[in-house]
Every structure is written in structure tokens, then in C-alpha cells.
Amino acid sequence: MSYLREVEVGASFPPFTTFREYFGHVPNLFRAQTILPRVIEAEAGLASAVLYSRHALSQLSKERMMLALAAAQGNIYCVTARHQLLGLLGVAEDDLGQWIADYRQAGLSAADTALLDFALKLATEGPAVSRDDVQRAVAEGWNDETILESVLIAAWSNFRRTLAAGLGPAPEFEPVSIPAARLTRSPDLPRRDDATRRSGPYLRAPKCTPADSPAFALLREEFGFVPNLFRAQTLRPDTIEAESRAFRDLLFTGDVLARIRKEFILLAVSAANRNTYCVAVHTEILATLGVPAADADQIAMDHRQARLTVADRALLDFAVKLAAEPSTFGAGDIEGLRGQGFSEEQILEAVVMTAFATFLNTVQMGLGAEPDFAPRQLFQPAASKRVHLLAEEARPTEGNPLTDPDAEAVTRVQSGDVDAFEDLVNRHSRRVYRTLVGILGNPEEACDAVQETFLKAFRHLGDFQGRSRFSTWLVSIAHDTGIELLRSRKPVQSLDDERFESEEGFRPQQVRAWTDNPEQLYSKAETQALVEASVMKLPAKYRVVLVLRDMEHLSIEETAAALGLGIPALKARLLRGRLMVREALAPHFGRSVKGGAA
Amino acid sequence: MAEMGNYLDGDVAAELRSHIETHLAHCRTCQVIYDSSRKTLQIVTESGSFDLPEAAARPIAESVMVRIRGQRIESRKAQ
């Protein structure tokens, strides 16, 4: 029946009741997953919201869309299923054949054709979708609710397609063949230069807060924030509800695959689907789970070069192949994971996570949800031309509103959505803390000062005009707060307290060569302690510059702006600070100490 | 020495860079200082020092939100 083992579930298993009501039977696609009922529950919830319940489009339109998309993707299982259902709805065989072969020659209205074009492009060429494609649908008279519904259907189609490729269910009816010479991509339409893209989501999205939405509250509880991807779907609270339940049933469980492995899958698949938004979100989430950004970046760029166990690498090979090349995926790949020691349930969960990642990627590309975090600088476009969607400078120039990932949240707060401020707190508390520890040198004081900083920022948010990035402005507030505290603590000591008056006065004392691989001499924790102790020895004025530039990786311009320094003065302090840290570390890393790398 | 910072960041003009490289090739002291400075930088940037402990982050955020909900910002934008 399918690649995986199946078991009996009770006659009254609610998702199966749902499927029977809609299809008239329980599709093999879901029967194939009975060893892990909770994943079927998640899928039934999504299917009900996205497809089975009636909203803007008729059932006929939705099924036709599913049929056309499945045909374009060569998915015989899904084409057969849709074909059967549409036949039951009374559609003539000739029409069905035409919709499968080429819906553009099927005598549909211009508006219907345009909506299908949009969904097809989103499903098959997601990264290329832009606001222009949405505008074309709008120009044909479609409203935002309908376009959103089409986005969800395209995403659902991709979900099913990935599931079907991964599970190998047998069609329930006589398989429908798909003509070889069919339309596989959307017609070529003039492309806009991506540099002119307006920012912001493509569709209307009424404001919603965790207080009004249990789904938002759950997402915030689990992720620490509500990703913009969900904020962009507020025209359909039922879908957000289904998605958050799906997260609950699929991602936030740890009984089959560990949460972290599932996040790896979400990250690697999002990278394979070239979705920078999702890559950035999952990198940040992995950071909260203890995975360093560098490791996450490597997984996204090429998981084969990442520091992973053999089993994890095999898991990601599996997921990426399923996502990127579903038509070549087969029983052999399932067997491969079994050989690595994965259980049936784990393999199933891996397939479902891959499909869910693809679903979310597709939704994001259709809605244009704004990044929650600065995009990771990872992808090199095939052509050397930089495309706005794919990469940004690691340190963008100041004052350009297109490159402030916080701009949207700030605007929301300024318009009265106080809860949006929490996102800003979550995003930046680490950086603010580091800045303040750099100035104050004391973790407890720094924690209090972090709160004060955010409170000040909130009170003065009306003054922030976007001339710099929000994070730069916030760091300057942190800096001011820290300085005030320092002064109130020790009135005589100022940040400009000089022990070394001039550049010429500071000569490096330690001139013994260092061992070749100093980072391997000590454990990570020991190295960290050494660095912290050395940095704490610095006078505060050098320390804060070093922390911002070398630890927080602010650009020279951002650091100078945040501290109110001229760039030459900043560079001088930075050099001095680095040399002093070098002095302090040298006794631990000189060549004759510890005799060689670990 | 003054240009060391820029050189470490890869931020020097080509002419100055070759001047520095020539000097480094024959001045042992400067070479050692440059090498250990480079390693210092690497150790510092990768150390993850002064990281806010996860356990502290949540209470901070909650406390901030509780306190600001009692306030209104002086907004320049019309509601």
C-alpha cells in the first residue's frame, strides 16, 4: 500500500471521519501514516481549514486548482484523487482531461486562468513570486481573501505532493495518466527589477494580538515571538489555528524525533526551497536551542559540510532530496534511513516535517511576509546579479528603511500595538545585555539595566524616526543607560579615565609567538572565561567598543553611531582594546605553554 | 602599528597593504604581534562571551512588558 508499515486505528478516529465526509473514503495517503496518529490529526486540521471548509472559492474552483497543480508536478497519486472527486461533482471527462493537459486552453474565464497562473507559479517557482504576481490577480478582480485562499491551496498542494512522494501510497482508483507535453510552468510574464520591490506583505492583514488569538499565544509561548508569517494570514484565523495545532502535534513533540532534529529538517528544507525568511527564523530558533549561528548557517548552505552525526546527515540528505527532487525519491531512500537505525515512526515524522516545511515555505513566498530577523547572508544567485530577496550586505548602510528588519514592528508599536514591542525585546535583549555587561562589568547590574533600556526605548519610541536602524538606536540608549549607571556608581571614574594617555604610550609587551591553534588549547567554557576575564581588565571605554564591534559584529558605522564617536576615534579605541586583550591572553596561548594543540 | 586595526579587518588600500606585507616579511616582532592579534580577534569573536543566559531572558522580557503596559508612548503618529 505504501513504503511504511500500517496499522489499524479505531473506526471512529476523528480525522478518518473527516476524510470520509469529504472524499467518500479514507485516502491511502493518510492510511499510510497510521503508525503515528497525531500526524494525521495535524493534517486533517490543516486540510479542513485550507480545503474542505467553504470560504471565498467554491469547492469546484479549489479542486480544479489542486488538479492543475498536481498535474503540473507530475503527481499521479494526487491527480487521480482529484480527478475522481471532480467526476463525482459532475465535471465532464473532457474538461478534466483539458484541465490536466493545459488549463489555459480550457475555455476558462480570464480571471479564473489568472488565479490558476498565480497558484501554479507559487507552487512550482515559489522564490520567483513577487508583489507583481499578486497585483496581476488583483487586476483580474480577485480580492485579498481569494488570493490568500489560493496561496494556501498552492501550499497544500505542495504539502500533499511531498507527502505522496515520501510515502508512496497506491492510488485508490485507476491511475490517471498525465500527458507528457503538458504545460509545466506558468507563462513568461515580464519580470520587474527586484530592486524596486516594495516591502511589506502582499495582502491585507488585520492586526491581531496574542490576547485575541490562542494560536498567537501558543506560537509566542513556544517560539518566543509570533513570526510575521502568521501575522500575514490574519484574514483567516482558522488557518492560523490549524497551523499552530500542527506545530503542536508535529514540532513541539519530542517522543519520536528530537525537537532539534526537526528544526534541522525545517532549516535544511527551507534552504533547499530557497526561502530566506524561513532560514533566518529557524536559525534564530536553533540559537535558542543552543546551536551556534555558524553551525546553522553551514547546515543551510550545505549540510554535508556541517558538523553533524552520521545519522543526522543521513536524515537531512533524506529530507532535502524529498523536498528538492520528489520525482526521483523512492522506496530506496526509505530503506536508507532504516539502515541508519531510524524507526518507522521517525521516518514518517521526517517525511511529514519535510512536507510541512514545504507548506510553510510556500505560504511565506505567496504572502511576502517580512523577515523577523536579518537575513542570513548565504545564497549566491545563479547569475552574479544580487537579488533583493536572496542576500543582503552583512552590514547594510545606515538609514536605509528597506534594510531595517525591525521597521515593521516599530511602526506597529508606534500605532498602538504594545504587544509588538515584546518581539523587539526578544530580538535584541542579548545584544543589549552584552553592551551593558561591557560597560558595567557586572551581570546582575546588566540585567536590571537591560530592563531600563527597553523601558526608555519604549517611552521614547515616538522620537525614533528611522534615520538609523532601530537596533543602533537601541544600543545607543543602552550605552547611555550604562554610562549613567557607571557614573552614579563611582562619581570620580568616567569612561574617559585614562591610564594610557596617548597612542605612542602603549607598547605591546608580550612578543612571544603563539601556538598554532589557540582555540583548541582549552575547552569552550575555559576559553570563554579567559576572554571574559581579559576583556573585563580593559578600561570601560575600550571594552564597550570591543564588545560591540568584535562580539556583536556591528559595523564600524553602526558602532560609531551608537556610541556617538567619530570613526577615527572609534578605530583607535578598538585597536587599543584588541592589543590589550592580546596582552592579557598571551600568557595562556604562548607557544611554550601546554606544548601544542589538543 | 596604527594601521594594524584596519589591516586586521581587511580594510586597507592596496598600496598600504603591500607596504605592510613587505614590512611583516622581515620584521619578526611585528609578525608575532600581527599573528597573535589575529588569533586574539578570532578567539574573541568566536568565544560567545557575555551571552545572556536563557534563564534570564524570559523574566526580563516579561517584566518589561508588565511595566510598559501601564504606560502609553508619546506617539507622533495619529492612532
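Quick note: numbers below take in every heavy atom, side chains included, and nothing from hydrogens, waters or symmetry partners. Remember, it's a predicted structure, so these values are computed and weren't measured experimentally.
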query = Looking at OG of B:Ser36 and CD of A:Glu583, how far apart are the two atoms once the value is rounded to the nearest 0.5 Å?
reply = 8.5 Å
ask   = About how many Å separate CG of B:Leu52 and CZ of A:Arg434, when rounded to the nearest 0.5 Å?
value = 9.0 Å
request  = Give, as side chain, backbone, both or neither, the part of A:Asn426 having an atom under 4.5 angstrom from any heavy atom of chain B.
outcome  = side chain
query = Less than 4.0 Å between a side-chain N and a carboxylate O, is that true for B:Arg67 and A:Glu452?
reply = yes
ask   = Closest heavy-atom contact between A:Arg582 and B:Ser37?
value = CD-OG, 3.3 Å
remark   = Shortest non-hydrogen pair, A:Asp550 vs B:Thr45, comes out as O-CG2, 2.9 Å
inquiry  = Report which part of A:Asp448 has an atom under 4.5 Å of a heavy atom belonging to chain B: side chain, backbone, both, or neither.
reply    = neither
ask   = Pick from B:Pro53, B:Ser49, B:Ala56, B:Ala57: which one has the most heavy-atom pairs with chain A under 4.5 Å?
value = B:Ser49
key: Least distance between heavy atoms, B:Lys39 atom then A:Trp514 atom   = CB-CE3, 3.8 Å
ask   = Just wondering, do B:Val64 and A:Phe421 contact through their side chains at under 4.5 Å, heavy atoms?
value = yes
remark   = For B:Phe50 and A:Met551, the nearest pair of non-hydrogen atoms, with its separation, is CD1-SD, 3.7 Å
remark   = Tightest non-hydrogen contact, residues B:Met65 and A:Val418, listed as CE-O, 3.5 Å
Distance in Å, A:Arg430 CZ paired with B:Ile60 CD1, rounded so as to fall on 0.5 Å steps = 11.5 Å
key: Side chain, backbone, both or neither of A:Val432 within contact of chain B (heavy atoms, under 4.5 Å)   = neither
inquiry  = Does A:Arg259, at its CZ atom, have more than 12 non-hydrogen atoms belonging to other residues, nucleotides or ligands within less than 6.0 Å?
reply    = yes
message = Tell me whether A:Gln528 contacts the main-chain N or O of B:Gly48 through its side chain, where contact means a donor paired with an acceptor under 3.5 Å.
response = yes
ask   = Counting N and O atoms only, with roles assigned by atom type, does the side chain of B:Glu54 sit under 3.5 Å from a partner on the main chain of A:Thr288, one being a donor and the other an acceptor?
value = no
task = Might you point out which heavy atoms bring B:Thr40 and A:Val581 nearest each other, and give the distance in Å?
result = CG2-CG1, 3.7 Å
Which atoms of B:Glu46 approach chain A - backbone, side chain, both or neither, heavy atom under 4.5 Å = backbone
